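Below is one structure, written out as structure tokens; comments come after it.
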Amino acid sequence: SVVKSVEAMNRRLRKTNSLSAKTGKVFKSLASTASKLAAGVSAATVAIGSFVGVKLASEAIEAAASIEDLTTQFIAFTGSAEAANRQVSELRDFAAATPFRLEDIAQAARSLLAFGTAQDQVNSRLKLLGEISAGTGSNLGELTTIFGQINAAGKLTGERYLQLIERGINIGPVLAKSLGVAESSLEDLRKAGKISSDDVLKAFETMAGAGGMFEGSLQRLSQTSSGLFSTFQDNITNALANIGQIFEPITKQVLKFGIDVAKELAKFVKDNKQTLAVGFRDIAVDVLDTLAELTKGFSKNFKSSIKVRTLK
């Protein structure tokens, strides 16, 4: 009985040892798999990080280049690089705080300057027109062009009046109140050229100012999903441009070096066109001859294999 009990105990011990050994193998396998998975995740993380880094660097360089191009364009309107830098900086700040994109704001600013608006008045005019554009949903660029045309002409014409009405800007009642006349008499005043661009500006300021129908339109639009997304995009662009400007001198040196290399390569190809043509022709002939030999050898071996199988 004692012997049988001992044998039974030994059997249980052997089973336990076997189970422990199997369990150990399982855990070892799991550890190996986890290690490989960790290595794979680490490699993927490095690859993704590298890609994101390169992408961000590229975006930063492009953003900085766009700001530099914009500044260069404004030199023609402002008269100096310093004034252009100041103007673009103010436009970037305006774009970063409103639902309008920098590209649209810059185009509107150029239109205002082209129509004779003084540089120190551009930002206040943009804010004014931005309020009205946000309140009516009209295109900022189109509204700026209409306002600029009124300013350049020095008066409000029937055509410009209708263009404003078409965009939801009912300036009539405000003009009538400002001029102290009945709204029905505005048409005669327009035809006589007696509604000046200053009158229109004053009406716009009333409509967009305190108590006006468009007061706070920019702020309200900036809190919508589309407005927040636009502001987010402009702030990201600003950040990338600032980063890109740090590396701008190095980027220009690299690009200039690349241009010089490309010029030298183009010159080398041009000067050695005949030699290169002969060289490439010889290479092509060698490749075709090699392919022909390989094809011939493959065909011969294939036929021999078929013959052997037929004999079997």
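This structure is a prediction, so every number in the text was calculated from the model and none was measured. Any value given below was found using the heavy atoms of this structure, including those in side chains, with hydrogens, waters and symmetry copies removed.
- Judged by distance alone, the side chains of Asp234 and Thr231 never bring a donor and an acceptor atom under 3.5 Å apart.
- Of all heavy-atom pairs between Ala208 and Leu128, the closest is CB-CD1, 3.6 Å.
- The two atoms that bring Ser138 and Leu143 nearest to each other are OG-CD2, 4.2 Å, heavy atoms only.
- Within the 4.5 Å cutoff, side-chain heavy atoms of Met207 are placed close to those of Ile169.
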Would you sort out whether Asp199 and Ser196 count as a side chain to side chain donor-acceptor pair (under 3.5 Å), showing the intermediate values? CA-CA 5 Å; Asp199 294 329; Ser196 69; 3.1 Å; yes

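- Of the possible donor and acceptor atoms, one in the side chain of Glu215 sits under 3.5 Å from a partner among the backbone N and O of Gly211.
- Without hydrogens or angle criteria, Ser185 side chain to Val181 main chain gives no donor-acceptor distance under 3.5 Å.
- Contact record, Thr145 with Ser111: OG1-OG, 4.3 Å, taken as the closest heavy-atom pair.
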Could you go step by step and tell me if Leu140 and Gln107 meet the side chain to side chain contact (heavy atoms under 4.5 Å, CB included) rule? CA-CA 9 Å; Leu140 178 62; Gln107 181 57 51; over 6 Å; no

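- Note that the NZ atom of Lys202 and the OG atom of Ser197 stand 13.5 Å from one another [nearest 0.5 Å].
- More than 12 non-hydrogen atoms from other residues, nucleotides or ligands lie less than 6.0 angstrom from CD of Glu183.
- Ile165 and Leu179 fall within the same hydrophobic cluster, where Ile, Leu, Val, Met, Phe, Trp and Tyr residues are linked whenever their side-chain heavy atoms come under 4.5 Å apart, directly or through other members.
- Between Ala108 and Leu126 the shortest heavy-atom distance is CB-CD2, 3.6 Å.
- Between Lys127 and Glu131 there is a salt bridge, with a side-chain nitrogen of the basic residue lying less than 4.0 Å from a carboxylate oxygen of the acidic one.
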Please test Ile146 against Arg167 for side chain to side chain contact (heavy atoms under 4.5 Å, CB included), starting from the C-alpha separation and ending with a verdict. CA-CA 11 Å; Ile146 295 170; Arg167 286 160 178 78; 3.7 Å; yes

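- When all heavy atoms of Asn235 and Ala96 are compared, the closest pair comes out as ND2-O, 3.1 Å.
- Each of Phe94 and Leu221 belongs to its own hydrophobic cluster when Ile, Leu, Val, Met, Phe, Trp and Tyr are linked at side-chain heavy-atom distances under 4.5 angstrom.
- The main-chain N or O of Glu142 is found under 3.5 Å from a side-chain atom of Asn139 such that the two form a donor-acceptor pair.
- With no hydrogens or angles considered, a side-chain donor-acceptor pair links Ser217 and Arg220 at under 3.5 Å.
- With rounding to the nearest 0.5 Å, the separation of CG in Leu129 from OG1 in Thr144 is 5.0 Å.
- Annotation: ring-ring contact (aromatic ring centres under 6.0 Å, His included) contacts of Phe204 (sequence neighbours excluded): Phe147.
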Going through the distances and angles, do Ile150 and Leu164 end up as a side chain to side chain contact (heavy atoms under 4.5 Å, CB included)? CA-CA 11 Å; Ile150 295 171; Leu164 292 175; 4.3 Å; yes

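- The side-chain heavy atoms of Arg160 and Val200, taken from C-beta on, include no pair separated by under 4.5 Å.
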Is there a side chain to side chain contact (heavy atoms under 4.5 Å, CB included) between Gln149 and Gln163? Walk through the geometry before answering. CA-CA 11 Å; Gln149 289 169 334; Gln163 286 177 326; 4.1 Å; yes

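- Looking at every heavy atom in both residues, Gln223 comes nearest to Leu228 through O-CD1, 3.7 Å.
- Atom OG of Ser133 sits about 8.0 Å away from atom CG of Leu218, to the nearest 0.5 Å.
- The line from CZ of Arg101 to OG of Ser230 is 5.5 Å long, rounded to the nearest 0.5 Å.
- Distance alone, capped at 3.5 Å, is enough to place a donor-acceptor pair between the Ser222 side chain and the Gln219 backbone.
- Note: Thr237 OG1 to Leu102 CG = 8.0 Å, rounded to the nearest 0.5 Å.
- Proximity of Gln119 to Leu113: side-chain heavy atoms (C-beta onward) are separated by under 4.5 Å at one or more points.
- At a threshold of 4.5 Å between side-chain heavy atoms, the hydrophobic network of Ile, Leu, Val, Met, Phe, Trp and Tyr places Leu70 and Ile75 in two separate groups.
- Leu156 is not connected to Phe115 by any chain of hydrophobic side-chain contacts under 4.5 Å among Ile, Leu, Val, Met, Phe, Trp and Tyr, and they are in different clusters.
- Taking CG from Leu91 and CD1 from Ile105, the interatomic distance works out to 7.0 Å, rounded to the nearest 0.5 Å.
- A cation-pi arrangement is not found for Arg110 relative to Phe77, the charged atom failing to lie both closer than 6.0 Å to the ring centre and inside a 45° cone about the ring normal.
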